[in-house]
Amino acid sequence: MRPPAAAPVDAYRNLSRGCFSVRCAGRVVGHVETLALADAVFRVSAAGVRRVQARKAREVVAFVQGVPIESGPLPREAVRVRFCPYRGPDFTLEDGTPVSAAALVYLMADGSCWAVGPT
């Protein structure tokens, strides 16, 4: 089952399966190795981050939301975006700058996340 073409989806790294889980309307609709999203917004549950830090247990507390698009090669201007609940409650660039959105996001098979036009 795939979401409608223009429907926004949530995507997060599934550490157990080694891929990205894709949710539409709160329901997991698939697992993919790679995914490209347009008009992406990075979402983090602050309460979830506090639980993870306190319990040291894995839980989905962060995801990227956007509209799936056909992906091509990774653009040269793409910058790496990271999230670690033990480092803080934000998605960040390599230099630690918080990121909340991006024009395009590429989720890669190696688990990395790359953004074009992050804000």
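Just so it is clear, the model here is predicted, and its values are computed rather than measured.
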Between Val79 and Tyr106, is there shared hydrophobic-cluster membership here, with clusters defined by ILVMFWY side-chain heavy atoms closer than 4.5 Å? no
Minimal heavy-atom distance between Pro75 and Val116, with the atoms involved, is CG-CG2, 3.9 Å
Side chain to side chain, Val22 and Leu35, heavy atoms closer than 4.5 Å: yes
Enter the distance from Phe42:CZ to Gln65:CD here, rounded to the nearest 0.5 Å. 11.5 Å
Side chains of Leu15 and Arg58: closer than 4.5 Å at any heavy-atom pair? yes
Do Arg82 and Phe91 meet the cation-pi criteria used here (NZ or CZ under 6.0 Å from the six-membered ring centre, within 45° of the axis)? no
Contact check, side chains of Val64 and Phe83, non-hydrogen atoms, under 4.5 Å: no
Let me check something: do Val99 and Val44 share a hydrophobic cluster, defined by ILVMFWY side-chain heavy atoms less than 4.5 Å apart, either directly or through other members? yes
Check this for me: Arg87, atom CZ, are more than 12 non-hydrogen atoms of other residues, nucleotides or ligands nearer than 6.0 Å? no
Find out whether Val81 and Leu93 are in side-chain contact, i.e. whether some heavy atom of one side chain is under 4.5 Å from a heavy atom of the other. yes
Of all heavy-atom pairs between Val49 and Pro85, which one has the smallest distance, and what is that distance? CG1-O, 3.5 Å
Indicate, with yes or no, if Val28 and Val60 share a hydrophobic cluster defined by side-chain heavy-atom contacts under 4.5 Å among Ile, Leu, Val, Met, Phe, Trp and Tyr. yes
Reported CG-to-OG distance for the pair Leu37 and Ser71, which is rounded to 0.5 angstrom: 10.0 Å
Is there a side chain to side chain donor-acceptor pair (under 3.5 Å) between Asp90 and Thr92? Walk through the geometry before answering. CA-CA 6 Å; Asp90 297 306; Thr92 61; over 6 Å; no
In short, Glu33 meets Cys19 closest at the heavy-atom pair OE2-CB, 4.0 Å
How long is the gap from CZ on Phe20 to CG on Asp10, to the nearest 0.5 Å? 14.0 Å
Please tell me if the side chains of Val105 and Cys113 come closer than 4.5 Å, counting only heavy atoms from C-beta onward. yes
Arg50 vs Val61 side-chain heavy atoms within contact, under 4.5 Å: no
Exercise: identify the closest heavy-atom pair between Ser112 and Arg80: CB-NH2, 3.4 Å
Less than 6.0 angstrom from the centroid, inside 45 degrees of the normal: does Arg43 satisfy that with respect to the ring of Phe63? no
For the student: nearest non-hydrogen atoms of Cys24 and Pro8, plus distance: SG-O, 4.3 Å
If you round to the nearest 0.5 Å, how far is CG of Asp39 from CD1 of Ile69? 9.0 Å
Is there a side-chain contact between Trp114 and Met108, using heavy atoms and a 4.5 Å cut-off? yes
